[in-house]
Enquirer: 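Dumping the structure here so I can ask a few things about it.
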Amino acid sequence: MSHDQEILQEFVVECREGLDRIDSVLVALEAAPEDRSRLDTVFRVLHTIKGNAGFLDLPKLGAVAHAGESLLSRLVSGSIPVNSHVTDLLLRLVDAIRNVVAEVNSSGTEGDLQHDELIRELNESTSTAVKESPAESSKPSTSPPKAPRTNFREPKLDDLAEVSDAGGDAKTQALDLSEIFPQPGRVEPKSVPPEPPAFFEPPLSAENTASLSDSGSGSSLNSGSLLNSGASLSSRVFSEPEQSTVIRVQIDHLDDLMNLVGELVLTRNRIVQITASRHDDELTEPIQRLNRLTAALQDGVMRTRMQPVRNAWKKYPRIVRDLAKQCGKQCEIELQGGDTELDKSMLEAIADPLVHLVRNSIDHGIEKPYLRRIKGKPETGRLLVRAFQESGQVHIEISDDGAGLDLERIRKKAIEVGIISSEKALLATESELRNSIFLPGFTTAEKVTSLSGRGVGMDVVKTSVEQIGGTIELHTQKDVGTTIRLTVPLTLAIVPAVMVACGSQRFAIPQINVVEMLRLEGEERHLACDLFYDTPVLKLRGDLLPMADLCQKLHIHSNFNIATREKLEILVLKSGTRRFALLVDAIGDAQEIVVKPLGELLASQTQYSGAALMGDGSIALILDVLGIARSAGLLEAEKGLIHDSEATPVADNSLDHQVLICQIDGERQIAIPLADVVCLEQIPSAKIEKSATGDVLQYRGEILPLRNLSQNQRVTSATATDDQQLSVVIYRAAETQMGLLVDRIIDVAQRPTNLRSADANVQPGGPVTVIGTAVVLGRVTDFLQLN
Amino acid sequence: MALSEKIFTFHLDGLFLGIDVNEVHEVLPTQALTPVPLAHPIVAGLINMRGQIVVAIDLRRFLRRPAHPVDQRLPINVIVRNGTNLMSLLVDHMGDVIEIDSGLFTKPPDTTATETRSLFRGAYQLPSQLLLVFDTTRAIEAIVSQATSKVLQSGHESNPPSDRR
């Protein structure tokens, strides 16, 4: 299988998994519209599909997913309520995507399925309040058929015509795709269901075939192509072949094994504890053996689930190549440590966030070639993805040598979208600013593109990483680059946790969420605990942390009382970037626990992420720190902010709003729309030649006319010494390219909105027009329009 | 020969109830219950079934019967399958597995409330008492939907932190 096909196959499998997830989530969502986390799940899946569709050159799929995403972002922001009509639309969207995916799977192209109607409806729902209207289309069946034939739809003439059309179109599309894919549209024998001809035989009875040849008079329809299109149709109707499910079963099996081994480890620990206190020499030897064997077994089972991280990296070179091309950038990627192994479930959990980070690095990090040249860096950016194991954890680093984070811009943007107040932003430290990119709703992009800019990026990445007990760190230096490091545990099954008591119950809190533990007695407690009007807070080294009483939040009866208690035991927990204090009756010891899911019945209990068996056979619930914080209302403020940021109007076009700032005449500052700039060159003045039209330059095999904006015409080839380097801005004017001589290129800046329009008599006609002036980078700047 | 079926029987607040024996995964004596704070009241807690964590449902509460009397023997666990998960139904005490002639089976009377009707598929007329037989699938569905749906509301009640001081 070629590399590209492998990527397509992977995409298909990924999409199906995502779609399956959405299906169930949507139905659940309809029943409980207030659960926003479900919307997020759907959003994430669609976002991924859309992004991947972009890379794989599947524009229709991208369009459908984009329309769905728009609708969802309104749902998330709450401007449209979730009702059955919306759910219906979304389910139809899922079916539409599924059909395209089936088509992609069988033919390698998107096929000819039309989704304009659906997209229109999706967009309508986005723009107007949704009326409760019955969906006119017949509800597509969501359950895969048990026996192929029972679901067979007697094809009518129209259908067959459609099929042949589809076949034809698929072929032409395949030809287009041939530029990208070395083996266009060639169906891998493996991916075609073995029986399709058999499916198609019954309807091709004599009379059907006869009428078919009657109607299809013009088109030479040979049986081969019919069978081919039949194959694609049948794979569409009988979609979801077994491939992925087979793997799932095996993984479940491994999970079971993993669980059992986890139990075994705990049992061993217990036995070791007991025998240690008995000093029975006869037991020592077999216990040691048990110890060794258990460790070996645990290691072995864990290894069966291990996969090299390379598996998640396979598609990066292509993503980087396509994305760089799309952004007009040059970038190469280097992968190091692909052999580093990670538990399969962990690898799956971080696969999407990693792709997101890689995309971010190219989209936001690496600069355009000419900017890189200005900064004295090689034009081709470098992206390094590196993985290694250290102290029982796997570290994955993504570093680029791009622009780094512009902290000032982040500060401005953070204020703009309302994530932090302007007063706080001014006082914010560098690390606080850096971390604010992880807040929900944050985006520095001016425009929502197919690549990025919706502000669902980094916070989702952070959440996904934290969900699996990982951490994310960011190091950045302006113009040097950005490094993002993910640290994840080797496996999910066994987690170190802190045990806490609350009333008569014990709970486990994953250690990864615990920042510190405090015991406050006597005077201390009065100093540290206070009320912010009516909200309990903990004063911790100058910070005010919201504080919640676990017993109170869980409605557990406890004899302790925050007011009368002599001694307070407090955990400082973090969830995302937020920290809060949790008051418990007692903090116990740290233990390794085996996480077990709570199952469907308690799925809506977001305060718990699972349960664990203790050494004595009792059960402890594992607290989900995020869920606790939410249910305690500690994250209310954050929720509000997401809403605000959604309401903020997004500026229209990023390139149109950026200008290149240059210096001419020694002191005059001008701004040129960046959108018109092709590239920046440094040329020795000796290369400037004369022609009838003025100064010209031989540039890439063409004669490039040069314009000099200086009032002082002397700064030209005539006066410049031969070895002097001149800065030339090469820009596009109408059909041709022109060069603009400037003294110095200063920077790229945001075009201010308060442009003072210029007097009409300034530089009438000519190659450039001054359209206004404004203060940029502390100087009065003329804004030019290149004619 | 008349058809017959095997019913697993148990007692609950004076009721004589049954489940198709094939639907019963196993029966466990009284187990230590770990309560799940904030969960729906019909969720009695979690039990440890040989290393597997199973949610126990307070069947009395689900059927809106009075709570289990304190002086009685503690309830036992009837483990049933719920999809891929297991679920324990807490019942007062276990009866026998009886094989009954299907001819004795009657559907619920028309006057039965719809809610009840969806839980029981009918009854066997035994000499001493009526044996109500659960429609296991639908009953489990009802339990799941009740446990998950109302939970959201109870979760909401606890949401505003200000009014609870």
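A, B, ... follow the sequence lines: proteins, then strands. Residue 1 opens every chain.
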Enquirer: Measuring heavy-atom distances to chain B, does A:Leu598 have an atom under 4.5 Å in its side chain, in its backbone, in both, or in neither?
Expert: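 For A:Leu598, backbone and side chain are both near chain B.
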Enquirer: Please look at A:Leu554 and chain B and tell me whether the side chain, the backbone, both or neither of the residue comes under 4.5 angstrom of a heavy atom of that chain.
Expert: both
Enquirer: Which atoms of B:Ile47 come close to chain A, meaning under 4.5 Å heavy atom to heavy atom: side chain ones, backbone ones, both, or neither?
Expert: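 Contact with chain A involves the backbone of B:Ile47 alone.
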Enquirer: Given a strict heavy-atom distance threshold of 4.5 Å, which part of A:Ile619 is in contact with chain B: side chain, backbone, both, or neither?
Expert: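 The answer is both parts of A:Ile619.
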Enquirer: Can I get a per-line list of side-chain donor-acceptor pairs under 3.5 Å for residues 117-125 of chain B, giving both atom names and the distance, sequence neighbours left out?
Expert:
residue	atom	partner	partner atom	Å
B:Arg117	NH2	B:Pro109	O	3.3
B:Arg117	NH2	B:Asp110	O	3.0
B:Ser118	OG	B:Glu115	O	2.8
B:Arg121	NH1	B:Glu5	OE2	3.4
B:Arg121	NH2	B:Glu5	OE1	3.2
B:Tyr124	OH	B:Glu5	OE2	2.3

Enquirer: Verify the ring-centre separation between B:Phe16 and B:His11: is it less than 6.0 angstrom?
Expert: yes
Enquirer: Please enumerate all residues that pass side-chain hydrogen bond (donor to acceptor under 3.5 Å, both in side chains) together with B:Thr137, with sequence neighbours excluded.
Expert: none
Enquirer: Is any NZ, NE, NH1 or NH2 atom of the basic residue among B:Asp92 and B:Arg60 found under 4.0 Å from an Asp or Glu carboxylate oxygen of the other?
Expert: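 Result for this pair is yes, salt bridge flagged.
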